[in-house]
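Below: the structure, in structure tokens.
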Amino acid sequence: MSQEQRPASPPFPALPAQVDLPAVEHEVLRRWSDQKVFERSLEQTRGGRNWVFFEGPPTANGQPGVHHVEARVFKDVFPRFKTMKGFHVDRKAGWDCHGLPVEVAVEKELGLSGKKDIETFGVAEFNDRCRESVLRNVDAFTAMTERMGYWVNMDEAYRTMDPEYVESVWWSLKVIWEKGLLFRDYRISPYCPRCGTTLADHELAQGYETVTDPSVYVRFPVTSGPLADPGRPTSLLVWTTTPWTLVSNTAVAVHPEVQYVVATNGTERLLVAEPLLGSALGEGWQPTGERFEGAEMERWTYQRPFELVAFEEPAHYVVLADYVTVEDGTGLVHQSPAFGADDMAVCRSYGLPVVNPVRADGTFEAGLDLVGGVFFKTADATLVTDLKERGLLFRHVAYEHSYPHCWRCHTPLMYYALPSWYIRTTAIKDRLLEQNAATNWVPGNIKEGRYGEWLRNNVDWALSRSRYWGTPLPVWTCVEDHVTVVGSLAELGGLAGRDLSALDPHRPYVDDVVFDCPECGGTARRVPEVIDVWYDSGSMPFAQWGAPHRNDEVFRANFPGQYICEAIDQTRGWFYSMMTVSTLVFGQTSYKNVVCLGHILAEDGRKMSKHLGNVLEPMAVMERHGADAVRWFMAASGSPWTPRRVGHAALEEIVRKVLLTYYNTASFFTLYANAGETWSHARLADAPAPAERPLLDRWVLSELNRVVRGVDEALERFDTAAAGRLLTAFVDDLSNWYVRRSRRRFWSGASTPEGAAAFATLFECLETVTLLMAPLVPFLTDHVWVALRRPDAPESVHLARWPQVREELIDTGLSEQMALTRRLVELGRAARADSGVRTRQPLARALVGAAGFGDLPEQLRGQVADELNVVRLDPLSSVGGDLVDYVVKPNFRTLGKRFAKRTPLVAKAIQAADARKLVEQVRSTGWAHVEVAGEPVEVSAEEVLVTEQPREGWAVAAESGETVALDLEITPELQRAGLAREVVRLVQDARKSSGLDISDRIDLWWAATDPVTAQAVAEHGAVIGAEVLARDLAEGAPDGPAHAVEAPDFGLRFWLRKV
RNA sequence: GGGCGUAUAGCUCAGUCGGUUAGAGCGCAUCCCUGAUAAGGAUGAGGCCCCAGGUUCAAGUCCUGGUACGCCCA
């Protein structure tokens, strides 16, 4: 219809079939911004119940990658979902600003290497550069966040480096200190004595070198316990590859459950782990029969190998440790807590002293005999010689192993005890376990698995870091070692006696603040450390508001949170620090639900890395496929809790299968709603009640409401993948079954009764599915929403309410019948394909054999007949039994329930029985007799699967007991009807190719050289004319210019002209 | 070395309460349908459901042990 004939503008804006999704998204972004849609969504829920979301701050270090998009999709979907359900969901963005990665990046930029360089460069200047670097990267994150449609308030983002944030962190540490949970102790770190610095894990990994060290077996004479007999001395045989640590030997560890035995060579007696007897002692040693379980040996004392350093507390006895192995050595492990993390942990649990004779430069203390002033590694040789001279050395071999070296200077590293500040999290372990028990983890296995395991093995939190760019530890100490923990700048100002409210609470400025120790009046200086960045981010529930110094009421109204989400690597990172900081400070965790995502891999299944060249850049990917496609992938592709591969192919598929299928259905709707007798929302009132509509409509509304229920339930349990699968299946059903089967009704126009129901039904489906998809794909749904929305509906789908399930429309019986209908169509199509008779050729009838076919409503049988282009559908039982073959198979699922162990026997009997007789019995009485081991057994209709097939002259397809057979006889009448359909198709093609609008009327002329074609056109002229919107259908040439078409295959020419 | 997870078609993944013919999509081949569609449909090729035991009338599914990969930790 032309514009002149339709002065009123069409009811719906056009949704052209060709669509550029990224372009649509930019348009939507502009509209969101112009209409302040995000702000309004917050405004209109104000006063509603809060649903508190906490943003885990990305480290603003480096550029954002697609893996950042993953978590951010999940951080967006659920707030949108909950907002549609009426909750008020504040979303404060945040940036994690501190930390070693930032320092390392800046070091690289400045060409610095190591702490000495940084200090020469100047800490103030260095930290300024760190701050700058963070701000640079924040911009890139902001751009990506906006582009992907992640609604989060970035104008009021919190930054862990802001003074207010730092002050909140200080406050919380003071609370912890006041609870007696902040303390100082030694921490074992890999340490380079030449550079005078500890190394971070990633640095450690770079510096492993294969070296040869002495491996020594040393005698430690037993001095107490059952073996302490001066007449028959026995020694513990102890193995170590670091002889220099023997100077500070503190204990010997054994495994509590390993068997230890005494062995002798006739002259001396040694104790070793039984499994290592041979490998440690070699030839000539016999067990004496004395044996001890490790646990029995606890606290036996021994004579230590060197008396060079003083021990002020009792030491030098056997301790128990689970980490001891019997893989190599002797099963008796030398312990020196200052030089090993395991040693430290074990010795600490026994209250043993930490004795450290090695100075920070790697040399032994000057005054020591034998090794005074000697570099630790160099001391090995001297010490081994001395042991040998004193008869303590049992064996000495070279041992080749991989040992960490400093990646800068190749100096061998020491594991070295350095003073460190700890939080005694072990004191609140039970409380943490209790809090975890009340937390909902998605997926559930993390709760008791990876995370629960981590909590159960909780160790105190080593809080301090000897670095520069971090929250300074707010601890001041004086020479007397009195500790003052400061909770705010105001407090610090009070102590220092000057106004420090404008002080940058970073190094080096805070380091310059000194005050008189409140206890002794001596000068108190800040300890040099900064704190672990995980503590920063774990403080965000209160620190993001600057609470309690500022906004304390806001914090209280938003604590604890409902929902956090990150990838799985955060279990021991942010998920832990969020739970632990809040439990330390407030006695409870900060979140109720936590979603834990798997990692995103490149298309080749490897981690994305610049090095491998397999990186997908998020902005580029979104410009190519659209942010919605990326979002759908993240939320609904595969299983978000496992690692997933992302690539262009996967995204293209989502665009085609999900987004365009959905969009094209909406596009189809607007095309026909705008055509002819237009359809607008006012007509919704004219449509029949759902119960009065055709079965196809009732079916799709039933499916729709099942999907509403399913998607709602899935999202409530944070299962976006299940929601996605339901939506994909529904969109496919809607487009490829409902619309496909209803096309004729849409063509018939909005004012016809069948059209009224179809338009109303499709509108309702599109409206609702748009709402359901909105949290996942906010762009395209809003684009469609704006085109389709009712006049009184919100301007954006994101301001609309989440749909309610209309239970009364759900009809599971109808779903099953439609499923059967569709299976029969599939079988019929298979039969057609097999026979080679194309679908346009009508056939007289199809025979159907299927349980439930008898009850299939006429409307649904009509769908099958129409789809298969057959005149009639008959039950297979209507043909004489002689013409049909039967195959009977056991239905194990039902048989198993009744017969259990006898199932295979009954199954065999069913297969052996005469199929025809069995079917006849079942059909007439519902039961059939079979012989099982000579005994009669009755089986029911549900316990057998009957497949029936006509014998000859039919195209047959059968599956799982359902059969469709097509009558292949083509009568002249059928042939002419088929030809008429060919003609319709040819004319439709011509209409389309000559650019006619779908509702344009035409005049049509035809001339046939083939008499059969001529007869067919003449006979079916009315039908053809109606199908192709021909006002007039005339035999002969046109009376003027017209579009001419040749169809030589049918001996036909025709001409058409727009009216 | 420890904890946790994953393993199903060439690729990406579903697979409900354990039920005997294990599915979908992509890709490939052949064909069909089409006046919304960048679509849709049919057929074919393609499977040691990681391996080995066990439980069971029946195991891709449950149990035990192992292998490979991933994450976290040491």
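In what follows, chains are A, B, ... by sequence order, proteins preceding strands, each numbered from 1. All values derive from a computational prediction rather than experimental measurement.
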Set of side chain to side chain donor-acceptor pair (under 3.5 Å) partners for [X], sequence neighbours left out:
X: A:Y663; answer: none
X: A:H648; answer: A:R624, A:H625
X: A:T770; answer: A:Y662
X: A:Y451; answer: none

- Task: Could you check A:S667 against A:A341 and say which one's nearest nucleotide on RNA chain B is further toward the 5' end?
- Result: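 Result: A:S667.
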What is the separation between atom [atom1] on [X] and atom [atom2] on [N], rounded to the nearest whole Å?
X: A:R644; N: B:G25; atom1: CZ; atom2: P; answer: 21 Å
X: A:H625; N: B:C26; atom1: NE2; atom2: C1'; answer: 15 Å
X: A:L726; N: B:G15; atom1: CG; atom2: C1'; answer: 15 Å
X: A:E652; N: B:G25; atom1: CD; atom2: P; answer: 18 Å
X: A:R741; N: B:A36; atom1: CZ; atom2: P; answer: 13 Å
X: A:I600; N: B:C71; atom1: CD1; atom2: P; answer: 13 Å

Looking across every strand, which nucleic acid part, if any, lies under 4.0 Å from [X] by heavy atom: base, sugar-phosphate, or nothing?
X: A:T665; value: base
X: A:V739; value: base
X: A:F746; value: nothing

Kindly give the atom pairs (protein nitrogen or oxygen, nucleotide nitrogen or oxygen) under 3.5 Å for nucleotides 38-41 of chain B.
from, atom 1, to, atom 2, distance (Å)
B:A38, N6, A:Q18, OE1, 3.3
B:A38, N6, A:V19, N, 3.2
B:A38, N6, A:V19, O, 3.3
B:A39, OP1, A:R656, NE, 2.8
B:G40, OP1, A:K657, NZ, 2.6
B:G41, O2', A:R829, NE, 2.6

- Message: Looking only at the side chain of A:P904 (C-beta and beyond, no hydrogens), which of the listed nucleotides B:U34, B:C57, B:C72 gets closest?
- Response: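 The listed nucleotide nearest to A:P904's side chain is B:C57.
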- Pairs involving residues 729-738 of chain A, ordered by first then second residue, that meet salt bridge (Lys or Arg N to Asp or Glu O under 4.0 Å) (sequence neighbours left out): A:D733-A:R822
- Secondary structure string for RNA chain B (Watson-Crick or G-U under 3.5 angstrom, | for other-strand pairs): (((((((..((((.....[...)))).(((((.......))))).....(((((..]....)))))))))))).
Using a cut-off of under 3.5 Å, enumerate the N/O to N/O pairs linking the protein to nucleotides 17-21 of chain B.
from, atom 1, to, atom 2, distance (Å)
B:G19, O2', A:R893, N, 3.4
B:U21, O4, A:K889, NZ, 2.9

- Query: Quick one: salt bridge (Lys or Arg N to Asp or Glu O under 4.0 Å) partners of A:D628, sequence neighbours excluded?
  - Reply: none
- For A:F746, enumerate each residue passing the ring pair (Phe, Tyr, Trp, His ring centres under 6.0 Å) test, keeping only those at least two apart in sequence or located in another chain.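 A:F746 satisfies ring pair (Phe, Tyr, Trp, His ring centres under 6.0 Å) with A:F668, A:F759 once adjacent residues are dropped.
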- Query: Who are the ring pair (Phe, Tyr, Trp, His ring centres under 6.0 Å) partners of A:Y576, not counting sequence neighbours?
  - Reply: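 Testing A:Y576 for ring pair (Phe, Tyr, Trp, His ring centres under 6.0 Å), a comparison that skips the adjacent residues, returns A:W454, A:W461.
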Using the 3.5 Å cut-off, write out each protein N or O paired with an N or O of nucleotides 1-7 of chain B and the distance between them.
from, atom 1, to, atom 2, distance (Å)
B:G3, N2, A:R450, NH2, 3.1
B:C4, O2, A:R450, NH2, 3.1

- Item | A:T426 vs A:N458, side chain to side chain donor-acceptor pair (under 3.5 Å): CA-CA, chis, key distance, verdict | CA-CA 6 Å; A:T426 48; A:N458 186 264; 5.3 Å; no
